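A, B, ... follow the sequence lines: proteins, then strands. Residue 1 opens every chain. The structure displayed is predicted, hence computed values, not measured ones.
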2 protein chains.
Amino acid sequence: MKEKATSFDIAHMAGVSQSTVSRALSNSPLVNKETRERVQRIAKQLNYKVDKNASNLRKQKSNTIALLLFEDPTTDDSLINPFFLNMLGSITRASAAAGYDLLVSFQNLDDDWHAEFEDSKKADGIILLGYGDYTAYRDKLAQLEEQGTHFVRWGAKDNDHPGISIGCDNYQGGYDLTRHLIQLGKKTCAFIGDAGGHAPEFLARYQGYRQALVDHGIAVDTFLRLDANSTDEAGYNATQTLLNTSSPLPEAIVCASDLIATGVLQALKENGYRVPEDVVVTGYDNISISAFTTPALTTVQQDTRLAGELLVSSLLKAINKQAVEDYLMPGELIIRESCGASQHQA
Amino acid sequence: MKEKATSFDIAHMAGVSQSTVSRALSNSPLVNKETRERVQRIAKQLNYKVDKNASNLRKQKSNTIALLLFEDPTTDDSLINPFFLNMLGSITRASAAAGYDLLVSFQNLDDDWHAEFEDSKKADGIILLGYGDYTAYRDKLAQLEEQGTHFVRWGAKDNDHPGISIGCDNYQGGYDLTRHLIQLGKKTCAFIGDAGGHAPEFLARYQGYRQALVDHGIAVDTFLRLDANSTDEAGYNATQTLLNTSSPLPEAIVCASDLIATGVLQALKENGYRVPEDVVVTGYDNISISAFTTPALTTVQQDTRLAGELLVSSLLKAINKQAVEDYLMPGELIIRESCGASQHQA
DNA sequence: GCGATTAACTCAAGCGATTCCTTACAACAT
DNA sequence: ATGTTGTAAGGAATCGCTTGAGTTAATCGC
């Protein structure tokens, strides 16, 4: 195996200095067009590639974004929430489009993640992704900020938290969904999902749900609010609880995520209830599964493609010291069979 | 914002030379235990992290794996096949466990990917992931090999291809699935999936299907073989074609992937056919959707966790110049309702 | 025609670690 | 006292590239 070529080799072959090679390869106007093309031709011939480590070391920047995916510690770690998997896909695309490499890493919220990436110069900035109770990690975020680390966080803006946030308007989504059910004539709505605050997203969805009830003069019944983290299993269990404690069954069940909703559908089916005839169900996220359940889930779609692009572009702006603002994306109501509405709406 | 500390700063504070700091931080036995601990303590205090670029440059190795995900150019690029998304998750975990960073990148098969990563010293090795017709890219793989780039490829071993492969035994999977249907009494089985060779995985599944038919004395009817790439839409369309051309309907439809199978289910439902009563359907991959379709899909599960671990560990072995062998993992038959069998089997 | 401008390069100083090669010093045997 | 180990640490040369400063030689203005 031949040694890998360096810029000196190219310089030698092209009969110019090594610095000229460097400039030529970065299309600097400081070098004559002919020389530039000659150098580039030779470089291509030798299959030469700039050594990123050397280049980064010298430039003190890595052209790399680190993506930290936080696993929900409360769920089985063998599977990632499909929603985040989609986000990962879209972030990958967006950063590639911006010419940045993407370093992906799974983290536990408890780990020492806050000092790993930008400090070691592996990345110019960090994207934080995950449901999760950032509250307990506020100090770590604060430390990131104090270190001057550039980062963006997925989630709704919370004034308590340092740093910039890109997120979906979960409150509005929960509101829209619930209002839709009310307009379909449902008088009693349960809510299944961890609204206790571990996942701020879920809490916001709950609050939207609650406000919709209030605005339409429906009393909020705390017995109709059940805890569940974002798994189908938790949804299944919560439904069993609901069936045991609440009689008659509410007319609608609003779930904090599609994953929960699938478990709910399962439990209802096993207990002989028909959806949407006996009870209507809604999810949240519009993960790929939700179009294929029976009945297909009415849900709220978060635009993961846009989200990925916004996360990346905001981070890059921050890196380049431009002003960046938090952004709250609207969710889109996706109406399918599980809510019992027949007409579709864009 | 204070400047980031370098090893010189630590050296100065600890009253030792910079080379001693470097040794102390890498736990070299060449430095006295007390000195080592003192240096490490100071480093932690200053929140010092070794500069990866400098370190990598000097060591000529990056402790990073590049994952190249090839998109199927024939499908809508906005969505990634959920199976590969799962693989991505498991590879991420496995490489993190091995202490390697993971650089993720989406590529078109047509791009210049073959010379990007290891050459520029961004990664010590490459994992190639994607369905796909590697045939047309054999020369690129060969070039990788010639450059001395370390890489592992997801997919079945093909003697035509350079490099090592980790894959699932798609032939056996297709065989098992089809035999299962035959044992359930099905006499006519269609196959939907691109068996034309674009996706070698699909071809192997088809061949297994075919052999099962032959072994049980069932004639292979080429009219019952339909083309479809791995999308639900393609499955839907193929089913329409099947309904138009084949009468009566075959007793079973074997699909090359779960995604295809969901489209098939959809089309059958819209045309008033019941699954599994009128016709049974099987998928392949056991993506998360397949447990939630109605009826739930009988399919073959590929162990993505094991696959990820094998890909990573094989690559690391190759990097360390140890012998590596191709590996063909067995698939596991997952029996659900769509094949009409009532009993479950592990 | 001569100083001033400009285009096109070359020089050389880092970037921050790693690591081979010395050196310093104490302990021990001769 | 002299030579021989062994242990701990320092010196300094890289790794391959980027970039500010310095050097030519040609072009320009008046």
message: Check this one for me: any side-chain N or O of B:S55 less than 4.0 Å away from OP1 or OP2 of C:dT18?
response: yes
Review point. Does OP1 or OP2 of D:dA9 have a side-chain N or O of B:T35 closer than 4.0 Å?
Key: yes
The residue, B:R36 or B:Q60, whose nearest nucleotide of DNA chain D is more 5′ is B:R36
dist B:L310:CG -> B:K317:NZ (nearest 0.5 Å) comes out at 8.5 Å
Are any of B:Q18's side-chain N or O atoms less than 4.0 Å away from OP1 or OP2 of D:dA12? no
Against the side chain of B:S22, the closest entry in C:dG16, C:dT18, D:dG16 is C:dT18
D:dA9 OP1/OP2 closer than 4.0 Å to side-chain N/O of B:S17 = no
- B:T6 near the nucleic acid: base, sugar-phosphate alone, or nothing, with a heavy-atom cut-off under 4.0 Å? sugar-phosphate
Open item on the list: Check the phosphate of D:dA8 against B:T20, side-chain N and O only, distance under 4.0 Å to OP1 or OP2. Yes or no?
Closed with: no
* Look at the side-chain N and O atoms of B:S19 and state whether any lies under 4.0 Å from the OP1 or OP2 oxygen of C:dT19. => no
- Checking all strands, does B:V16 fall into the base, sugar-phosphate, or nothing category for heavy-atom contacts under 4.0 angstrom? sugar-phosphate
Note: A:N27 and A:R36 closest approach over all heavy atoms is OD1-CD, 3.6 Å
B:V31 has its side chain closest, among D:dG10, C:dA17, D:dA9, to D:dA9
Using only side-chain N and O atoms of B:S7, determine if any of them is under 4.0 Å from OP1 or OP2 of C:dA17.
yes
Looking only at D:dG16, C:dT18, C:dC9, the nucleotide nearest the A:N32 side chain is C:dC9
Whole-Å distance, A:H12 NE2 to D:dG16 P, equals 17 Å
